[in-house]
**Student:** 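Take this structure, written in structure tokens, and hold onto it; I'll ask about it next.
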Amino acid sequence: MNYRKWMLSLLVLMLFLPLWSPGARAAAVQITIELDGEALASDVPPYITASNVTMVPISVISKGLNAGVVWNQSSKTVTITQGDTEIKLTSGQKNALVNNASVGLDTSVQIKQGRVMVPIRFVSEQLGLQVLWDQVNKHISLFSNTEPPQSVDPEKPTTPTVPTVPTVPTIPTTPGGSTSKEMKGAWISTVFNLDWPSVSSAGNEAKQKQEFDNLLDKLKAVGFNAVFVQVRPSADSLYPSTLVPWSKVLTGTQGKNPGYDPLSYMVSAAHSRGMQFHAWFNPFRATTDASTSVLASNHVVKAHPEWIVDAGGKKYINPGIPEARQHIIDTVMEVVKGYDIDGVHLDDYFYPSNVSFADDAAFKTYNTKNLSTKADWRRDNINEFVRQLGEQIHKVKPKVSYGISPFGVWRNIKSDSTGSDTSAGVTAYDSMYADVRTWIKQGWIDYVAPQIYWSLSFSTARYDKLVDWWVKEVENTNVKLYIGLGAYKVGASDQKAEWQSGDQIINQLKYNEKYEEVAGSIMFRANDVVVRNPFGLSSLLTFYFQSN
């Protein structure tokens, strides 16, 4: 009798075993999905596989993401198309075809109860969406690109001419705190409407505010705690100024009032999220092309043509003219005095590199120190600008952080035995006349953020060797070191194999951990991380930031 009861109990247990299988458990989890804040409906519940891949029915892809979806029953293959992207996933296959290129998968197509299920993260990321997973609430947030694609990136640094050798919510402490890895920054480019605001938002205050809020929310969700926003892209402004015209990126027309103060809004939006706001200035660039027909009447090119030099298809403010340098300092101080910014940030727009720069007359007129070479005179001009600007910033607001992001190579070792073990075709010291070493040694800046936009295997200018070099430069000084990382290269079609993975950036961050002197990093640029999001870079960064 006892034996029969035991057998009966066993049979009952076996009948219920499928309900306790991993797949069944996962199916019971109520997973919700949203795209840009709007909930997506799923006609059958999404589930999580044993390998932690979230599967959704193809209706979520077709209706929710507005992608074309075709299911071939005979080959058990689903083809997903959107724009120029075509994805093919076949049941039982460990690889997908993305534009005919084979890409590895953790889980491919599954057929459950007659429904075709696909991995939501893989498909979304291949379609250019950012995917964030909330483990606690079992919620998937998808973010799309709200801005038009750019065919070129005018903000890219000039790369060395030597050929490559292919291989693969808490409020942050202000810079200067005791923790070595505090800075997790992102550059937000406004020139050419690259990151913000979008071209389609021209003159639309509400849309521009919403776009900026969305961008900050995405950055904060990843783990960034600071933004470096370009407020002076072309000798103009994203704030009401008495010295320079409104930027055309706001309305499509330079000099046109957008009807609100974007800088005031952006500072407040960042601070309300516990993020630092650094005002980023292009110092000596006057225009992004040679045309003057669309410039406002009070633009420096028209107001002071005697200060302007044409070079490389752009117009520059001549750093050799003291009044011109002071004009730029005055525009920066307008922001320092008028806004609650956390920092003033300059990029590497000093003298343009590898182009002719007609400043013979200025050299004769303003070489009051009788320096023997024009090169030394040019470096002295930039030194004076950097020193004087820092003095004025700290006199007015001592707590405002003042830093510069120079080109990643100061000098090559072949030109200077104290330079880095590199062979770059451009250097900060010789090409842009930026004597960064002097700025650091003299303590004129609070931090330096070299643009080390090369991989760990790029022999011409290797990332690790350059980090080593910059660490030595800041040793025994009060100048902090943030590393500028080239996130824009990840997944770019013109980059070598080592950039066809988000691991390059993560490995660079891990390398930085070797040094207490490395006080953080800044990613170039925001949309490349949280909008384009190649190979799930934003999720990789989220995991890294949470683990460190």
**Student:** Do Asp376 and Thr373 have side-chain N/O donor and acceptor atoms under 3.5 Å apart?
**Tutor:**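 The answer is yes; a qualifying pair exists.
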**Student:** Please check if atom NZ in Lys510 has more than 12 non-hydrogen atoms from other residues, nucleotides or ligands closer than 6.0 Å.
**Tutor:**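 Result for NZ/Lys510: open.
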**Student:** Checking Asp289 against Thr287: is there a side-chain donor and acceptor pair closer than 3.5 Å?
**Tutor:**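 Side-chain D/A pair, Thr287 to Asp289: absent.
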**Student:** Report the relative orientation of the aromatic rings in Trp377 and Phe363; use parallel for angles under 30°, tilted for 30 to 60°, perpendicular for over 60°.
**Tutor:** tilted
**Student:** Has the side chain of His299 got a donor or acceptor atom that lies under 3.5 Å from a matching backbone atom of Ser234?
**Tutor:**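 Yes, His299 side chain to Ser234 backbone: donor-acceptor pair under 3.5 Å.
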**Student:** Which residue, Lys369, Arg325, Arg378, forms the salt bridge (Lys or Arg N to Asp or Glu O under 4.0 Å) with Glu384?
**Tutor:**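 That would be Lys369; it is the only one of Lys369, Arg325, Arg378 passing the salt bridge (Lys or Arg N to Asp or Glu O under 4.0 Å) with Glu384.
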**Student:** Between atom CH2 of Trp499 and atom CG of Asp494, what is the distance when rounded to the nearest 0.5 Å?
**Tutor:**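 Output value for this atom pair is 11.5 Å.
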**Student:** Quick test of your reading of the model: are Lys374 and Asp359 salt-bridged, counting only N-O distances below 4.0 Å?
**Tutor:**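 Asp359 and Lys374: salt-bridged.
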**Student:** Looking only at non-hydrogen atoms, find the nearest pair between Trp454 and Gly408 and report the distance.
**Tutor:**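 Looking at all heavy atoms of both residues, the closest pair is CZ3-CA, 4.0 Å.
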**Student:** Show your working on ring pair (Phe, Tyr, Trp, His ring centres under 6.0 Å) between Phe281 and Tyr349 and close with a plain yes or no.
**Tutor:** CA-CA 9 Å; Phe281 297 83; Tyr349 272 89; over 10 Å; no
**Student:** Whether the side chain of Gln504 engages the backbone of Glu498 through a donor-acceptor N/O pair (distance < 3.5 Å, no angle test) should be reported.
**Tutor:**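 Yes; judged by distance alone, with no hydrogens or angles, the pair exists.
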**Student:** Main chain of Ala296, side chain of Gln254: is a donor-acceptor contact present, judged purely on distance under 3.5 Å?
**Tutor:**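 Side chain of Gln254 to backbone of Ala296, a donor-acceptor pair under 3.5 Å: yes, one is there.
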**Student:** Which is it for Asp503 and Leu540 under the side chain to side chain contact (heavy atoms under 4.5 Å, CB included) test, yes or no, and what are the steps along the way?
**Tutor:** CA-CA 8 Å; Asp503 290 342; Leu540 292 174; 4.2 Å; yes
**Student:** Which heavy atom of Asp342 sits nearest to which heavy atom of Met275, and what is that distance?
**Tutor:** OD2-O, 4.4 Å
**Student:** Under 3.5 Å, is there a donor-acceptor pair between the Arg379 and Thr438 side chains?
**Tutor:** no
**Student:** Checking ring-ring contact (aromatic ring centres under 6.0 Å, His included) against His327, which of Phe284, Phe385, Trp307 comes through?
**Tutor:** Trp307
**Student:** Who pairs with Ala303 by side-chain contact (heavy atoms from CB on, under 4.5 Å), at least two apart in sequence or on another chain?
**Tutor:** none
**Student:** Please check if the number of heavy atoms outside Asn548 that lie under 6.0 Å from its CG is greater than 12.
**Tutor:**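 More than 12 heavy atoms, drawn from other residues, nucleotides or ligands, come within 6.0 Å of this atom.
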**Student:** Tell me whether the count of non-hydrogen atoms from other residues, nucleotides or ligands lying under 6.0 Å of NZ in Lys302 goes above 12.
**Tutor:** yes
**Student:** Side chains of Ser198 and Asn193 only: does a donor on one sit below 3.5 Å from an acceptor on the other?
**Tutor:**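 Note: Ser198 and Asn193 side chains miss the donor-acceptor criterion.
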**Student:** Can you name the nearest heavy-atom pair linking Trp187 to Asp195, along with the distance?
**Tutor:** O-OD2, 3.6 Å
**Student:** To the closest 0.5 Å, what do you measure between OH (Tyr239) and CD1 (Ile341)?
**Tutor:**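 Between Tyr239 OH and Ile341 CD1, I get 9.5 Å after rounding to 0.5 Å.
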**Student:** Grab the two heavy atoms, one from Val355 and one from Gly312, that are nearest each other, plus how far apart they are.
**Tutor:**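 In terms of heavy atoms, the two residues are closest at CG1-CA, 4.0 Å.
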**Student:** Which heavy atom of Gly425 sits nearest a heavy atom of Asn354, and at what distance?
**Tutor:** O-ND2, 3.9 Å
**Student:** Looking at Trp280 and Ser189, what are the two nearest heavy atoms and their distance?
**Tutor:** CH2-OG, 3.5 Å
**Student:** Could you tell me which residues satisfy side-chain contact (heavy atoms from CB on, under 4.5 Å) with Lys397, sequence neighbours excluded, listed by chain and number?
**Tutor:**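 Residues passing side-chain contact (heavy atoms from CB on, under 4.5 Å) with Lys397: Val336, Val400.
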**Student:** Please tell me whether Asn383 and Trp439 have a donor and an acceptor in their side chains that are separated by less than 3.5 angstrom.
**Tutor:** yes
**Student:** Check the angle between the aromatic planes of Tyr402 and His394 and answer parallel, tilted or perpendicular using the 30° and 60° thresholds.
**Tutor:** perpendicular
**Student:** Gln500: which residues meet the side-chain contact (heavy atoms from CB on, under 4.5 Å) condition with it, sequence neighbours left out?
**Tutor:** Gln495, Phe535
**Student:** Do we see a donor-acceptor contact under 3.5 Å between the side chains of Tyr366 and Asn381?
**Tutor:**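 No donor-acceptor contact under 3.5 Å links the two side chains.
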**Student:** For Ile404, run the side-chain contact (heavy atoms from CB on, under 4.5 Å) check against Val448, Ile445, Leu389 and tell me which one passes.
**Tutor:** Ile445
**Student:** Regarding Asn512 and Tyr463, do their side chains bring together a donor and an acceptor under 3.5 Å, going by distance alone?
**Tutor:** yes
